[in-house]
Trainee: 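Have a look at this one before I ask anything.
Every heavy atom of this structure was used, including side-chain atoms; hydrogens, water molecules and symmetry mates were not. Values in this document were obtained by computation on a predicted structure and should not be read as measured data.
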Amino acid sequence: MHITEIMRGHSPTFSFEFFPPKTPQGAETLYQTIRDLESYMPDFVSVTYGAGGSTRELTHDLVERIQHTTKLDPIPHLTCVCHNEEEIEKILLRYTKSVIGNILALGGDRPAGMAYDKSHDSFQHAINLLKFVRRFNESGAHPDRRGFGIGVAGFPEGHPATPNRLVEMDYFKAKVDAGADYVVTQLFFDNRDFLDFRERCALAGVHIPIIAGIMPITSIGGLKRMAELAGGARFPAKLLRALQPCQNDPEMVRRAGIQYALEQCHDLMANNVAGIHFYTLNRSDATRMIFDSLGIPRHRNLQASSV
């Protein structure tokens, strides 16, 4: 289903993100997660792309498996890093044959542990990739006359590569004007950052749906890893105050982190968020607990399907 139809159907939307497994054990964990979360009938699920395309085939395989063996609507990530136009076109044609309706066009992370020269990439920024997908849409190759719905990333705390927030919004507005249909934000822990970002987007003339990215903290180790994501993340004193008394008790940390994310979701919904996108880390328990606590209705009856 095209993203414009998904977003028009109801609000807010709820969605999950998975990443391709690298081991048989990881694959089994992921497929169990998909089984657990499929019954919640999210509006869509996204599948990440490894830095430098390191998991590109795994991404393609997972997207197609979700498309053909579940009732979930998969949205694959597509990145600029280590790609040329011919490769991107082949990927788009592959997704077209599987009737994938939407993609997320992203800049992508620099690959670790290998020499990388960005100048060799055909797409220097996400806007270039987005424009290429728009041209592909205009070719009529996709069975939907509208082509792929295209999403882009938003950064409520600011893009790490552009510290000047005024210039950053100029870049973001140009990306949206190039043909984006929706925005999925990077994770954040202070809703004021998201609400301020949304308001600045409106002032700049950005009026497409902005979906909030939420990642429940379930361990102190996970908290520290998040601090490295996307150039760092801000941890409000309220969050740290909730975690500090129980930092030596993993179960209490998990409960405190889930409760904090739940409160974020309640507040976002009270502020008419267009959608909430859960970064699941390929595990379902935290997301299921939040869903159940929010009382989100499951959108349609789910018949048994094999993953």
Side-chain angles (χ1 to χ4, degrees), residues 12-19 21 25-26 28-30 32-43 45-46 48 153-158 160 184-198 210-298:
T13 60
F14 295 94
S15 51
F16 309 136
E17 179 170 290
F18 304 127
F19 61 85
Q25 182 180 4
E28 197 53 43
T29 297
L30 173 59
Q32 184 58 53
T33 296
I34 291 174
R35 292 187 189 99
D36 292 341
L37 293 178
E38 186 178 9
S39 65
Y40 286 83
M41 294 312 297
D43 295 279
V45 298
S46 71
T48 68
F155 297 84
E157 297 178 352
V184 179
T185 76
Q186 180 58 271
L187 62 90
F188 58 91
F189 297 103
D190 191 331
N191 285 4
R192 290 176 298 182
D193 287 324
F194 173 83
L195 297 174
D196 178 74
F197 172 71
R198 189 175 67 175
I210 302 175
I211 298 171
I214 296 295
M215 181 184 285
I217 291 172
T218 56
S219 70
I220 294 298
L223 174 71
K224 293 177 179 178
R225 286 192 295 274
M226 287 180 205
E228 301 298 326
L229 292 174
R234 281 200 289 275
F235 300 101
K238 180 182 178 181
L239 171 60
L240 298 177
R241 190 181 303 115
L243 295 174
Q244 190 176 49
C246 56
Q247 58 185 315
N248 295 320
D249 185 333
E251 176 59 22
M252 290 302 295
V253 167
R254 189 179 76 90
R255 291 183 183 182
I258 291 172
Q259 179 61 32
Y260 187 89
L262 175 61
E263 292 174 5
Q264 276 192 278
C265 292
H266 275 302
D267 182 64
L268 289 168
M269 292 170 68
N271 281 281
N272 300 314
V273 69
I276 298 176
H277 188 63
F278 292 97
Y279 295 105
T280 68
L281 298 181
N282 285 11
R283 297 189 179 277
S284 66
D285 55 345
T287 306
R288 286 189 291 114
M289 289 181 67
I290 293 171
F291 253 60
D292 290 338
S293 297
L294 288 173
I296 299 168
R298 306 189 186 190

Trainee: Working to the nearest 0.5 Å, report the span between CG of Leu37 and CG of Leu30.
Mentor: 9.5 Å
Trainee: Is there any ring-ring contact (aromatic ring centres under 6.0 Å, His included) pair reaching into residues 234-253, and which pairs are they, with sequence neighbours excluded?
Mentor: Phe189-Phe235
Trainee: For Asp190, which residues count as a side-chain contact (heavy atoms from CB on, under 4.5 Å) partner, sequence neighbours excluded?
Mentor: Arg192, Asp193, Pro236
Trainee: Would you say Gln247 has more than 12 foreign heavy atoms packed within less than 6.0 Å of its CD?
Mentor: yes
Trainee: For Gly154, does its backbone N or O pair with a side-chain atom of Thr185 as donor and acceptor, under 3.5 Å?
Mentor: no
Trainee: What's the separation between atom SG in Cys265 and atom CD1 in Ile276, rounded to the nearest 0.5 Å?
Mentor: 4.0 Å
Trainee: Please collect all ring-ring contact (aromatic ring centres under 6.0 Å, His included) contacts where either partner lies in residues 245-281, sequence neighbours excluded, each pair once.
Mentor: Phe44-His277, His277-Tyr279, Phe278-Phe291
Trainee: Identify the heavy atoms of Ile210 and Phe197 that sit nearest to each other, and give their distance.
Mentor: CG2-CE2, 4.1 Å
Trainee: Residues in side-chain contact (heavy atoms from CB on, under 4.5 Å) with Gln32, at least two apart?
Mentor: Arg35, Asp36
Trainee: Test your reading of the model: is there a side-chain donor-acceptor pair from Thr280 to the backbone of Phe16, 3.5 Å cut-off?
Mentor: no
Trainee: Restricting to side-chain contact (heavy atoms from CB on, under 4.5 Å), what partner residues turn up for Leu243, sequence neighbours left out?
Mentor: Ile217, Leu223, Leu239, Val253, Ala256
Trainee: Quick check: does any side chain N or O of Asp43 sit under 3.5 Å from a backbone N or O of Ser15, one acting as donor and the other as acceptor?
Mentor: no
Trainee: Excluding sequence neighbours, so at least two apart, what forms side chain to side chain donor-acceptor pair (under 3.5 Å) with Arg283?
Mentor: none
Trainee: Quick one: salt bridge (Lys or Arg N to Asp or Glu O under 4.0 Å) pairs with a partner in residues 242-255, sequence neighbours left out?
Mentor: Glu251-Arg254, Glu251-Arg255, Arg254-Asp285
Trainee: How long is the straight-line distance from OG1 of Thr29 back to CD1 of Ile34, given to the nearest 0.5 Å?
Mentor: 11.0 Å
Trainee: Would you mind reporting whether Asn271 and Asn191 have side-chain heavy atoms less than 4.5 Å apart?
Mentor: no
Trainee: Main chain of Ile214, side chain of Gln264: is a donor-acceptor contact present, judged purely on distance under 3.5 Å?
Mentor: no
Trainee: At their closest point, which heavy atom of Glu157 faces which heavy atom of Ala233, and how far apart are they?
Mentor: OE1-CA, 3.4 Å
Trainee: Can you run down the salt bridge (Lys or Arg N to Asp or Glu O under 4.0 Å) pairs that involve residues 261-272, sequence neighbours left out, and say none if there aren't any?
Mentor: Lys238-Glu263
Trainee: State, to 0.1 Å, how close Pro216 and Ile290 come at their nearest heavy-atom pair, and which atoms those are.
Mentor: CG-CD1, 3.6 Å
Trainee: So, do Gln259 and Leu262 sit near enough that their side-chain heavy atoms are less than 4.5 Å apart?
Mentor: yes
